[in-house]
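Working notes, beginning with the structure itself.
We use all heavy atoms of the structure for the numbers below, so side chains are in, but hydrogens, waters and symmetry mates are not. Since the model is a prediction, treat every value here as computed from it, not as a measurement. So you know, we letter chains A, B, ... as the sequences are listed, proteins then strands, and number each from 1.
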2 protein chains.
Amino acid sequence: MKSTIYDVANAAGVSIATVSKVVNRTGNISQKTREHVLSVMDELQYQPSAVASALTGKKTSTFGLLLSNIANPFFAEAARSLEDEARAADYSIVMCSTDNEDERSLNYLSLLQRKQVDGMIIACHFTDWSLLQPFLATNIPVVLFSKDISSLDVHTVTVDDYKGGYKAIEYLVHNGHHHIGIVAEAGPSGEHRIRGGQQAMKDADIQYRPEWITNVHSSIRDGYTGALQMLGQSERPSAIFACNDMLAVGVLQAAEELGLQVPSDLSIIGFDDTLLSQIVQPRLTTISQPISDMAHHTIQLLLRHADTPDMAKQKAIFQPKLIKGRSTQAITPTS
Amino acid sequence: MKSTIYDVANAAGVSIATVSKVVNRTGNISQKTREHVLSVMDELQYQPSAVASALTGKKTSTFGLLLSNIANPFFAEAARSLEDEARAADYSIVMCSTDNEDERSLNYLSLLQRKQVDGMIIACHFTDWSLLQPFLATNIPVVLFSKDISSLDVHTVTVDDYKGGYKAIEYLVHNGHHHIGIVAEAGPSGEHRIRGGQQAMKDADIQYRPEWITNVHSSIRDGYTGALQMLGQSERPSAIFACNDMLAVGVLQAAEELGLQVPSDLSIIGFDDTLLSQIVQPRLTTISQPISDMAHHTIQLLLRHADTPDMAKQKAIFQPKLIKGRSTQAITPTS
DNA sequence: CTGAAAGCGCTAACAT
DNA sequence: ATGTTAGCGCTTTCAG
């Protein structure tokens with residue numbers, strides 16, 4: 001049977017308070033008893049119960065992580081970074097794949113609340129973000145990761161989506177592309193990336209065409225169908241900016257389907273710099289997010305908020321970076 | 001402030017025992033009081049504390065999941081399935097990326113133990129599996145997922161690695177390949193896959209060459225260098241069986257590096273049928289594991305073991321399936 | 001059908 | 001420097 005603090009206290013001939021103190025390194029304990037208790041502890045293989053201590057101490061050392069789908073490489077990579085940062089602070093992470101379904105998210109949220117997690121990271125999408133309001137009201141530490149919902153008063157850690165979109169299009173423009181399509185995922189990030197892209201076009205005096213902007217979901221299939229449709233039009237873009245790597249892969253597949261060579265017939269640029277972008281052929285040009293920095297900041301925010309519940313909500317914006325692959329090339333001046 | 005069972009009891013004019021009973025649907029409560037209590041509960045937004053109930057009830061409704069690295073697509077996909085199955089039983093999952101480092105794994109294991117998880121799924125690798133012994137001795141529900149360590153008396157859920165290797169090589173052989181290389185990851189699964197492959201060669205009266213079998217770790221880079229070395233020899237295989245998709249991607253990259261066309265110059269077959277195999281060019285032929293079935297079985301085992309601590313340890317072996325891609329082709333009879 | 005009371009294992013004053 | 005004690009929020013006999 002598992003031994004408790006009482007067993008240790010008895011065996012060591014001290015009180016449970018003393019044991020508690022040596023376990024937590026609190027209070028003043030003589031070197032001698034400390035060592036003695038310590039030795040009894042491992043003799044009995046004593047493991048303090050995190051549950052009991054959570055019930056008293058008010059800390060579970062656990063964070064909840066809501067994401068769309070852990071099987072999606074972007075989220076998996078983010079989860080890994082977040083886990084590492086959490087571990088550094090002695091926290092563990094409960095993962096929750098919501099498939100972006102509001103109801104599932106809400107269920108998970110309340111589950112996590114019942115489990116008294118010390119904070120939640122929300123990296124999934126909501127159809128109706130106002131549903132979050134009641135949770136935020138409880139002032140549980142929450143960080144929105146990689147989405148910025150301006151209407152919500154909550155800590156937010158994102159990449160600068162607008163600038164990312166801008167850089168992507170800017171790069172294409174510098175490479176001589178005037179006919180540029182965009183395949184975006186629905187949602188705030190996608191919109192910001194589009195707007196950034198549009199601005200880049202405007203700054204270069206390039207017209208963007210509404211029919212060359214497609215809003216879809218975020219699977220490979222979505223990118224595929226979106227691109228297929230866009231490229232099926234009488235006049236087709238010479239380059240496509242896909243708002244994330246999954247979509248970009250779909251676009252790539254569509255190009256192949258249509259017999260278009262990438263990058264000679266069609267340049268493609270993605271977003272996120274996930275593993276995917278590194279293994280497709282040709283290696284994707286993409287915009288990378290500094291995920292580890294973002295993860296670090298996220299965990300720090302959670303920790304700080306737990307200490308200072310009344311701290312002002314803060315929005316941190318990280319800088320995206322262009323990663324040059326081989327899915328883009330300068331356009332040969334034919335047209 | 002969060003309301004407790006006392007608040008509800010007071011507000012409803014009943015005892016906490018009664019509240020507890022309606023929350024847990026236990027005991028006999030009149031329709032009338034039940035409804036009344038229920039209404040008070042949501043009026044007060046009462047959320048039973050999972051922590052407190054765990055301290056008494058002895059269940060946390062949480063499983064621990066140890067895996068090498070959640071950022072690795074195979075594990076991410078497995079994690080997703082496991083999460084779904086766990087959720088169906090009202091359990092959540094704490095993820096732990098160990099990078100296959102024994103010390104980290106051990107730390108996580110004892111952390112999970114302190115958190116009193118109701119079971120652990122081990123899907124990572126140990127250098128020294130005997131380190132697990134002490135944990136198994138506590139008879140905490142444990143399932144080894146996708147590894148079979150015969151020396152350990154523990155529930156095990158795996159794919160038939162031997163047969164998977166056999167099928168892979170058999171397929172190559174049927175396609176006329178006589179010169180077959182293997183790039184394997186160190187560890188039991190890899191070994192079984194190799195052995196199955198070797199048997200398939202033997203059954204077809206094909207010699208396997210020791211210099212065409214490489215044991216590496218399991219990253220893309222490992223597959224790349226392993227293949228580079230193998231293909232750099234004076235006589236090269238016409239086909240390579242990579243023991244997992246990551247390695248296969250590395251092999252693919254090595255082939256490209258060497259200017260070899262896949263599949264015309266070199267056939268490649270992978271293992272796992274992860275997302276990777278679907279997006280590389282050409283689509284990888286691979287051996288798939290029935291991950292959802294395995295995940296289902298894993299969770300059921302954990303659940304059952306919790307009920308019946310003295311149940312015999314069981315080893316479940318699932319059947320692999322060949323997925324035909326375009327990275328393999330029949331050899332043109334030149335040699 | 002409902003309630004009183006004894007813990008679960010630990011922490012944190014407050015005493016000694 | 002160490003011990004006593006009162007909870008934390010809930011489950012579960014056992015009485016009523």
Side-chain angles (χ1 to χ4, degrees), chain A residues 1-38 40-41 44-62 110-118 138 306, chain B residues 1-38 40-41 44-62 110-118 138 306:
Chain A
M1 215 43 239
K2 277 194 56 71
S3 52
T4 76
I5 199 171
Y6 285 95
D7 303 326
V8 177
N10 282 151
V14 298
S15 76
I16 59 165
T18 304
V19 178
S20 174
K21 280 168 192 153
V22 349
V23 168
N24 301 295
R25 297 163 167 58
T26 90
N28 260 16
I29 299 293
S30 74
Q31 185 64 29
K32 195 163 148 240
T33 37
R34 148 172 283 104
E35 277 168 8
H36 178 224
V37 170
L38 246 18
V40 171
M41 269 172 40
L44 266 51
Q45 304 216 62
Y46 171 64
Q47 302 262 85
S49 155
V51 173
S53 102
L55 186 54
T56 332
K58 195 86 187 143
K59 265 190 36 175
T60 51
S61 295
T62 303
S110 87
L111 174 68
L112 292 172
Q113 212 172 205
R114 283 198 302 276
K115 294 207 173 177
Q116 262 156 255
V117 298
D118 299 326
T138 68
Chain B
M1 213 46 238
K2 275 194 58 71
S3 52
T4 74
I5 198 170
Y6 284 95
D7 303 326
V8 177
N10 283 153
V14 299
S15 75
I16 60 167
T18 303
V19 177
S20 174
K21 280 167 193 155
V22 350
V23 167
N24 302 294
R25 300 164 166 56
T26 93
N28 261 16
I29 298 292
S30 74
Q31 185 63 27
K32 193 164 148 238
T33 37
R34 147 174 283 102
E35 277 169 9
H36 178 222
V37 170
L38 246 18
V40 171
M41 271 173 39
L44 265 52
Q45 304 219 59
Y46 170 64
Q47 301 263 85
S49 155
V51 173
S53 101
L55 185 55
T56 337
K58 196 82 185 145
K59 266 190 36 177
T60 51
S61 296
T62 304
S110 85
L111 174 68
L112 293 171
Q113 213 172 205
R114 284 198 302 277
K115 295 208 174 179
Q116 263 157 254
V117 298
D118 299 325
T138 67

For C/dC1, take OP1 and OP2 only and decide whether either is under 4.0 Å from a side-chain N or O of B/T33.
no
Atom CZ of B/R34 to atom P of C/dT2: distance rounded to whole Å?
10 Å
Compare side-chain N and O positions of A/S30 against OP1 and OP2 of D/dT2 and report whether any pair is under 4.0 Å apart.
yes
Using atom OH of A/Y6 as one end and atom C1' of C/dA6 as the other, report the distance to the nearest whole Å.
13 Å
Taking for each residue the nucleotide of DNA chain C bearing the nearest heavy atom, is the 5' side occupied by B/T18 or by B/T56?
B/T18
Using atom CZ of B/R25 as one end and atom P of D/dC10 as the other, report the distance to the nearest whole Å.
16 Å
Regarding B/L55, tell me which of base, sugar-phosphate or nothing describes its non-hydrogen contacts under 4.0 Å with the strands shown.
base
Hey, mind stepping through B/T62 and A/K115 against side-chain contact (heavy atoms from CB on, under 4.5 Å) and telling me if it holds?
CA-CA 10 Å; B/T62 304; A/K115 294 207 173 177; 2.8 Å; yes
Between P of C/dA4 and NZ of B/K21, the distance in whole Å:
11 Å
Phosphate contact (C/dC10 OP1 or OP2) by A/S49 side-chain N/O below 4.0 Å
no
Nearest-Å distance for atom pair CG/P, residues B/N24 and D/dT12
7 Å
Specify the closest pair of heavy atoms between A/S30 and A/T33, including all atoms of both residues, with the distance to one decimal.
OG-OG1, 2.7 Å
For atom NE2 of B/H36 and atom P of C/dC1, their distance in whole Å
18 Å
Looking for any heavy atom pair under 4.0 Å, which part of the strands does A/T26 touch: base, sugar-phosphate only, or nothing?
nothing
At 4.0 Å (heavy atoms only), tell me whether B/S20 reaches a base, stays on the sugar-phosphate, or touches nothing.
base
To the nearest Å, give me how far apart NZ (A/K32) and C1' (D/dT2) are.
13 Å
Nearest whole Å is fine: how far is C/dA5 P from B/I16 CD1?
11 Å
Does a side-chain heavy-atom distance below 4.5 Å link A/V22 with A/E35?
no
Contact class for B/V14 (heavy atom, under 4.0 Å): base, sugar-phosphate, or nothing?
sugar-phosphate
So if I take every side-chain heavy atom of A/I5 and compare against C/dT11, D/dC10, C/dC1, which nucleotide ends up nearest?
C/dT11
Those residues at least two apart in sequence (or on a different chain) that pass side chain to side chain contact (heavy atoms under 4.5 Å, CB included) with B/A11 are B/V40, B/L44
C/dG3 OP1/OP2 closer than 4.0 Å to side-chain N/O of B/S15:
yes
Modelled atom types, side-chain donor and acceptor of B/Q116 and A/S49, under 3.5 Å
yes
